[in-house]
S.K.: 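First the structure, which I've put down as structure tokens, then a few questions once you've had a look.
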Amino acid sequence: MGTRVRFAPSPTGDLHIGSVRTALYNFLFARHEKATFVLRIEDTDQKRNKEEALRGITDGLAWAGLTWDEGPVFQSDRLDLYAECARRLEASGRAYWRDDPGKGRALVFRIDRRKIGWDDLVHGPSARDISADPDLVIVKSDGFPTYNFACVVDDHDMNITHVLRGDEHFANTPKQISLYRALEWAPPVFGHMPLILDPDGEKLSKRKMEKYANIGLPVVVEECRRLGYLPEAVVNFVALLGWSPGHDIELMTLDEMIRAFTPERINTTPARFLVDKLLWMNGMYIRRCALDRLTELSRPYIESAYGPQPPEKIREAVRQQQERLKRLDELALSTRFVFASRVEYDPKAVEKWLEPDGARALLAEVRKGLAAMHTMDKEGIEALLGRIVQEHQTKLGHVAQPLRVAVTGGTVSPPIHDTLEILGRDTVLARIDHALEIAGSKK
RNA sequence: GCCCCCAUCGUCUAGAGGCCUAGGACACGGGCUUUUCAAGUCCGCAGCACGGGUUCGAAUCCCGUUGGGGGCACCA
């Protein structure tokens, strides 16, 4: 049947960044080994929601570009299978019923009272003595199997050969192996990868979501998307949190990661998730993104801020910003001078670049030149500014900055000819006039 | 509390006894470039937690300490 791995999240809503990495490593392993990647939903807790949660998972995986070969398989559809295995354990004397006054009757598994060892794919030879551990509930009083039981039954039934999961399951492993032995099944190969920690060095927690949001740390896929992270950046970044390809190249496509991936190269040390490098990586991927795609991805950020806009204008604005973006959500601010009907002048910029007499005179001259131009294109603009710089024995900055402030309200914008061109001559002239007025009135 | 895992720059990491006066990346500081912001490029800052061993030789192996993390559910 060949090598088979699985990703088995519980349906708890959004896809967590840690889950993304678990899914990614399983995916990379599967593709590297030409194995089968199965998606299984661990929905044995009836209290947890189903449909929306499933969507969060499948949408998240799709967004990240992680495709699976089989499933989703739902544990809640396989109750008969667990019941049958439970009966076997009961019949062989390895499981017994236990009454709890509050919760009811549950089936409990007698674990092996000894030391259990296994060869962990990332930790190497591992062992734990479980003889002092309590017996394991395998069927809850509501008739549903517990995680440890369903997991073992399914992994065996689905012929899973390698189980790559988070370190939080390390302590479960010997108990699960005990279950395999009792059912006379061969256990799969286990590999436990280190956890992803938050900037405080703690396990990522739902309770700290607000804090994460405040520092711009996206801990669920939906948040990554909302903030304007590209999936390839998130995937690339997360891949390197606990795994290294063994060379110095960090920017890698999914295919390159597949080629380089081996579970032996997964780290044993927990990694902190700080946003800096992700932000840098995202900027790199934005720069590499094809303009058509980037435009499509960017449009919502612009239109939600300024309403519907002409496609060509959006495309050009995005083209101009592509080099200087780190997150797509920055577009609302950085393209404001293009799409907002009114310019807001930054007082500091006005004071520095518009108020000095020399600046106003130069600006007035630029205005005259632009008004006289037949077509306001790059060559024309550069020629005009060059001529003024020449005549006044000054620097380009002293001409371009007042102009920039006049038409955008601030000191930061794309190259000046781009800035003027996207606005069009009428808007440019009107804004220069307005700026001249403001600067004059301050005197 | 008990059990387990882990320990290289602020962060992500390379390093599987001599190639290490510890390499790369992000961040940070500075130079260059320049029409602003970015980008690019060059330089710099910064680390083997501590203490014992083993060895001719240890970031690498062993033990201990300390520190951090995880687990101890009829949650997964």
Side-chain angles (χ1 to χ4, degrees), chain A residues 8-12 41-45 47-48 75 98 100 102-108 120 122-123 126-130 132-134 136-151 165-175 192 194-197 199-203 237-251 264-265 267-281 283-284 287 321-326 330 334 349 353 382 385-386 389 395-401 403-405 408 410-419:
Chain A
S10 65
T12 50
I41 307 299
E42 312 240 312
D43 58 345
T44 54
D45 183 358
K47 289 190 277 289
R48 299 196 180 186
Q75 290 190 322
R98 188 174 72 196
D100 181 286
K103 298 167 193 159
R105 221 160 120 78
L107 189 62
V108 184
D120 198 281
V122 345
H123 290 271
S126 304
R128 204 170 82 77
D129 186 354
I130 54 170
D133 288 21
L136 199 64
V137 171
I138 56 175
V139 179
K140 299 182 266 186
S141 52
D142 65 4
F144 275 67
T146 56
Y147 161 75
N148 279 116
F149 184 51
C151 178
R165 56 174 29 160
D167 254 343
E168 71 264 33
H169 293 291
F170 194 92
N172 286 325
T173 302
K175 294 182 195 180
H192 294 89
L195 268 23
I196 296 179
L197 272 24
D200 299 328
E202 297 171 322
K203 194 177 177 180
F237 173 78
V238 139
L240 263 20
L241 233 43
W243 172 77
S244 156
H247 54 64
D248 282 345
I249 303 160
E250 301 204 297
L251 261 20
E264 289 79 11
R265 293 204 61 90
N267 275 176
T268 50
T269 8
R272 284 187 204 213
F273 177 14
L274 267 51
V275 83
D276 297 39
K277 199 167 188 172
L278 170 61
L279 209 50
W280 164 77
M281 216 174 244
M284 298 303 287
R287 250 143 257 143
Q321 296 297 143
Q322 182 166 17
E323 279 293 314
R324 59 209 91 232
L325 279 175
K326 279 202 160 61
E330 293 164 16
S334 63
W353 295 106
E382 286 181 348
L385 298 186
V389 167
K395 287 180 167 184
L396 188 48
H398 287 97
V399 181
Q401 276 308 82
L403 179 55
R404 175 172 278 116
V405 175
T408 69
T411 55
V412 177
S413 85
I416 198 67
H417 69 271
D418 275 336
T419 302

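Here is how names work: the chains are called A, B, and so on, in the same order as the sequence lines, proteins then strands, and each is numbered from 1.
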S.K.: Could you give the CD-to-P distance, from A:Gln322 to B:rG40, as a whole number of Å?
M.R.: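 From A:Gln322 CD to B:rG40 P: 13 Å.
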S.K.: Starting from C1' on B:rG70, measure out to CD1 on A:Ile196 and report it in whole angstrom.
M.R.: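 Interatomic distance, CD1 of A:Ile196 to C1' of B:rG70: 15 Å.
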S.K.: How would you list, by chain and number, every residue that makes a salt bridge (charged side-chain N to carboxylate O under 4.0 Å, His left out) with A:Glu323, sequence neighbours excluded?
M.R.: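 Salt bridge (charged side-chain N to carboxylate O under 4.0 Å, His left out) check on A:Glu323 returns nothing, list empty.
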S.K.: Side chains of A:Arg165 and A:Thr173: any donor to acceptor distance under 3.5 Å?
M.R.: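 Yes.
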S.K.: According to the Watson-Crick and G-U wobble definitions, with both distances under 3.5 Å, which nucleotide is paired to B:rG1?
M.R.: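 With both distances under 3.5 Å, B:rG1 matches B:rC72.
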S.K.: Quick check: do A:Met281 and A:Leu240 have side-chain heavy atoms less than 4.5 Å from each other?
M.R.: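 Touching, per the 4.5 Å side-chain cut-off.
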S.K.: How many whole angstroms separate atom CG of A:Asn148 from atom P of B:rA76?
M.R.: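 Those two atoms, CG and P, are 9 Å apart.
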S.K.: Distances under 3.5 Å only, N/O to N/O: pair up the protein atoms with those of nucleotides 31-35 of chain B.
M.R.:
residue : atom : partner  : partner atom : Å
B:rU35  : O2   : A:Arg404 : NH2          : 3.2
B:rU35  : O4   : A:Glu382 : OE2          : 3.4

S.K.: Using the six-membered ring wherever Trp is involved, compare the ring planes of A:Phe170 and A:His123 and label them parallel, tilted or perpendicular (cut-offs 30° and 60°).
M.R.: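 It falls in the perpendicular class, over 60°.
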S.K.: With a 3.5 Å cut-off and heavy atoms only, can you find an N or O donor on one side and an acceptor on the other between the side chain of A:Arg128 and the base of B:rC3?
M.R.: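 Checked by distance alone, the answer is no.
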S.K.: Can you tell me the pairing partner of B:rG17 across any strand shown, Watson-Crick or G-U wobble, with both distances under 3.5 angstrom?
M.R.: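 Pairing partner: none.
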S.K.: Could you tell me how far B:rG47 sits from B:rU21 if I compare only their P atoms? Round to whole Å.
M.R.: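 Result for the P pair: 16 Å, nearest Å.
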S.K.: Paired with B:rG57: which nucleotide, if any, by Watson-Crick or G-U wobble criteria at under 3.5 Å for both distances?
M.R.: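 Across all strands, not a single nucleotide pairs with B:rG57.
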S.K.: Do nucleotides 6-11 of chain B as a string where each nucleotide becomes B, S or -: B if the base has a protein heavy atom under 4.0 Å, S if just the sugar-phosphate does, - if no protein is that close.
M.R.: SS---S
S.K.: Could you tell me the Watson-Crick or G-U partner of B:rC50, where both distances fall under 3.5 Å? Say none if there is no partner.
M.R.: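 Pairing partner, where one exists within any strand: B:rG64.
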S.K.: Please name the pair of heavy atoms, one in A:Asp43 and one in A:Phe144, separated by the smallest distance, quoted to 0.1 Å.
M.R.: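 Looking at all heavy atoms of both residues, the shortest contact is O-CE2, 4.2 Å.
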S.K.: Of the nucleotides B:rA38, B:rG71, B:rC5, which one has an atom closest to the side chain of A:Phe170?
M.R.: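 Among B:rA38, B:rG71, B:rC5, the one nearest the side chain of A:Phe170 is B:rC5.
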S.K.: Remember a base hit wins even if backbone is also touched, and classify A:Arg105 as base, sugar-phosphate or nothing at under 4.0 Å, heavy atoms.
M.R.: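 Here A:Arg105 touches no strand at all.
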S.K.: Scan A:Thr44 against the nucleic acid and name what it touches under 4.0 Å (heavy atoms): base, sugar-phosphate only, or nothing.
M.R.: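 A:Thr44: backbone/sugar contact only, no base atoms under 4.0 Å.
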S.K.: Sugar-phosphate means primed atoms, P, OP1 and OP2; the rest is base. With that split, encode nucleotides 58-66 of chain B 5' to 3' as B, S or - using protein heavy atoms under 4.0 Å.
M.R.: ---------
S.K.: Please determine if a side-chain N or O atom of A:Arg265 lies less than 4.0 Å away from the OP1 or OP2 oxygen of B:rG15.
M.R.: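 Checking B:rG15 against A:Arg265, a side-chain N or O does come within under 4.0 Å of OP1 or OP2.
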S.K.: Would you say a side-chain N or O of A:Lys326 is under 4.0 Å from OP1 or OP2 of B:rA39?
M.R.: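 Yes, A:Lys326 has a side-chain N/O under 4.0 Å of OP1/OP2 on B:rA39.
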S.K.: Taking ring pair (Phe, Tyr, Trp, His ring centres under 6.0 Å) as the test, write out the residues that go with A:Phe149, two or more places apart.
M.R.: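 Partners of A:Phe149 by the ring pair (Phe, Tyr, Trp, His ring centres under 6.0 Å) criterion come out as none, since no residue qualifies.
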S.K.: Report which part of the nucleic acid A:Asp133 touches: base, sugar-phosphate, or nothing (heavy-atom distance under 4.0 Å, all strands).
M.R.: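 Since no nucleic acid heavy atom lies under 4.0 Å of A:Asp133, the category is nothing.
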S.K.: Classify the nucleic acid contact of A:Gly104 as base, sugar-phosphate or nothing, counting any heavy atom under 4.0 Å across all strands shown.
M.R.: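 A:Gly104: base contact, heavy atoms under 4.0 Å.
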S.K.: Report the residues that fulfil ring pair (Phe, Tyr, Trp, His ring centres under 6.0 Å) with A:Tyr147, sequence neighbours left out, ordered by chain and then residue number.
M.R.: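 A:Tyr147 satisfies ring pair (Phe, Tyr, Trp, His ring centres under 6.0 Å) with A:His169 once adjacent residues are dropped.
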S.K.: Answer yes or no: does a side-chain N or O of A:Lys140 lie under 4.0 Å from OP1 or OP2 of B:rA76?
M.R.: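 Yes, within the criterion.
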S.K.: Taking only residues two or more places apart in sequence, or in another chain, which ones meet A:Asp200 in a salt bridge (charged side-chain N to carboxylate O under 4.0 Å, His left out)?
M.R.: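 With sequence neighbours excluded, A:Asp200 shows a salt bridge (charged side-chain N to carboxylate O under 4.0 Å, His left out) to A:Lys208, A:Lys211, given in chain and number order.
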S.K.: From NZ of A:Lys175 over to P of B:rA73, roughly how many Å is that when rounded to an integer?
M.R.: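 So the two atoms are 7 Å apart, to the nearest Å.
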S.K.: Mind checking whether A:Leu136 and A:Val108 have side chains closer than 4.5 Å, heavy atoms only?
M.R.: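 The answer is no, as the side chains (C-beta and beyond) never meet within the 4.5 Å cut-off.
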S.K.: Run the ring pair (Phe, Tyr, Trp, His ring centres under 6.0 Å) test against A:His417 and tell me which residues pass, sequence neighbours left out.
M.R.: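 A:His417 satisfies ring pair (Phe, Tyr, Trp, His ring centres under 6.0 Å) with no residue once adjacent residues are dropped.
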S.K.: If you check the A:Thr146 side chain, which of B:rA76, B:rG71, B:rA38 turns out closest?
M.R.: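 Closest nucleotide among those given: B:rA76.
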S.K.: Roughly how many Å apart are B:rA7 and B:rA49, using the C1' atom of each and rounding to a whole number?
M.R.: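 Result for the C1' pair: 8 Å, nearest Å.
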S.K.: How far, in whole Å, is B:rC43 from B:rC6 if one measures between their C1' atoms?
M.R.: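 Per the computed distance, 36 Å lies between those C1' atoms.
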S.K.: Distance between the P atoms of B:rC9 and B:rA14, in whole angstroms?
M.R.: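 Roughly 12 Å separates the two P atoms.
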S.K.: Whole angstrom is fine here: how far is it from CG in A:Leu251 over to P in B:rA39?
M.R.: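 Answer to the nearest Å: 14 Å.
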S.K.: Distances for protein N/O vs nucleotides 44-49 of chain B N/O pairs under 3.5 angstrom?
M.R.:
none

S.K.: OP1 or OP2 of B:rG71 less than 4.0 angstrom from a side-chain nitrogen or oxygen of A:Asn172, does that happen here?
M.R.: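 False: A:Asn172 side-chain N/O out of range (4.0 Å or more) of B:rG71 OP1/OP2.
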S.K.: Contact class for A:Thr411 vs. all strands (heavy atom < 4.0 Å): base, sugar-phosphate, or nothing?
M.R.: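 It contacts base atoms.
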S.K.: Measure the distance from CG on A:Asp100 to C1' on B:rA73 and round it to the nearest whole Å.
M.R.: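 Atom-to-atom, A:Asp100 to B:rA73, this comes out as 12 Å.
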S.K.: Using only modelled atom types and a 3.5 angstrom limit, is any donor from either the side chain of A:Ser141 or the base of B:rC74 paired with an acceptor on the other?
M.R.: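 Indeed there is one.
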S.K.: Measure CD/A:Glu202 against P/B:rG71 and give the value in whole Å, please.
M.R.: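 Computing the A:Glu202:CD to B:rG71:P distance gives 12 Å.
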S.K.: For atom P, what is the distance between B:rA16 and B:rG23, given to the nearest Å?
M.R.: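 After rounding to an integer number of Å, I get 14 Å for this pair.
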S.K.: Could you check which nucleotide pairs with B:rU41 in any of the strands shown, counting Watson-Crick or G-U wobble with both distances under 3.5 Å?
M.R.: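 Across any shown strand, B:rU41 pairs with B:rG31.
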S.K.: Counting side-chain heavy atoms from CB outward, which of B:rA14, B:rA25, B:rC37 is closest to A:Glu250?
M.R.: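 Nucleotide nearest to A:Glu250's side chain: B:rA25.
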S.K.: Among all residues two or more places apart in sequence or in another chain, which pass the side chain to side chain donor-acceptor pair (under 3.5 Å) test with A:Asp276?
M.R.: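 A:Asp276: no side chain to side chain donor-acceptor pair (under 3.5 Å) contacts found.
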S.K.: Any donor-acceptor pair under 3.5 Å linking the side-chain atoms of A:Ser413 with those of A:Arg404?
M.R.: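 There is such a pair (donor and acceptor under 3.5 Å, judged by atom type) between the side chains of A:Arg404 and A:Ser413.
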S.K.: Please report the distance separating the P of B:rG57 from the corresponding atom of B:rA39, rounded so that it comes out in whole Å.
M.R.: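 One P to the other, the span is 49 Å.
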S.K.: Distance check, C1' atoms only: B:rG51 and B:rG44, in whole angstrom units.
M.R.: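 That atom pair is separated by 34 Å.
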S.K.: Can A:Asp167 and A:His192 be said to form a side chain to side chain donor-acceptor pair (under 3.5 Å), step by step?
M.R.: CA-CA 5 Å; A:Asp167 254 343; A:His192 294 89; 5.3 Å; no
S.K.: Base, sugar-phosphate, or nothing: which does A:Arg165 touch, judged by heavy atoms less than 4.0 Å apart?
M.R.: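 No contact at all - A:Arg165 keeps every heavy atom at 4.0 Å or more from the nucleic acid.
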S.K.: Quote, to the nearest angstrom, the P distance that separates B:rC42 from B:rU8.
M.R.: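 These two P atoms come out 29 Å apart once rounded.
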S.K.: Check nucleotides 17-23 of chain B against the protein and report each pair of N or O atoms closer than 3.5 Å, with its distance, or say if there are none.
M.R.:
none

S.K.: With sequence neighbours left out, write down each residue that passes side chain to side chain donor-acceptor pair (under 3.5 Å) with A:Thr146, or none if nothing qualifies.
M.R.: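 Not a single residue meets the side chain to side chain donor-acceptor pair (under 3.5 Å) criterion with A:Thr146.
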S.K.: What pair of heavy atoms forms the shortest contact from A:Val122 to A:Thr268, and how long is it?
M.R.: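 Smallest heavy-atom distance, with atoms named: O-CG2, 3.8 Å.
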S.K.: Taking side chain as C-beta onward, heavy atoms only, is A:Trp243 less than 4.5 Å from A:Asn267?
M.R.: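 A:Trp243 does not reach A:Asn267 side chain to side chain.
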S.K.: How close or far is atom C1' of B:rU13 from atom NE2 of A:His247, stated in whole angstroms?
M.R.: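 Answer to the nearest Å: 13 Å.
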S.K.: Do NZ/NE/NH1/NH2 and the carboxylate oxygens of A:Glu330 and A:Arg324 come within less than 4.0 Å?
M.R.: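 Salt bridge between A:Glu330 and A:Arg324, a charged N being under 4.0 Å from a carboxylate O: no.
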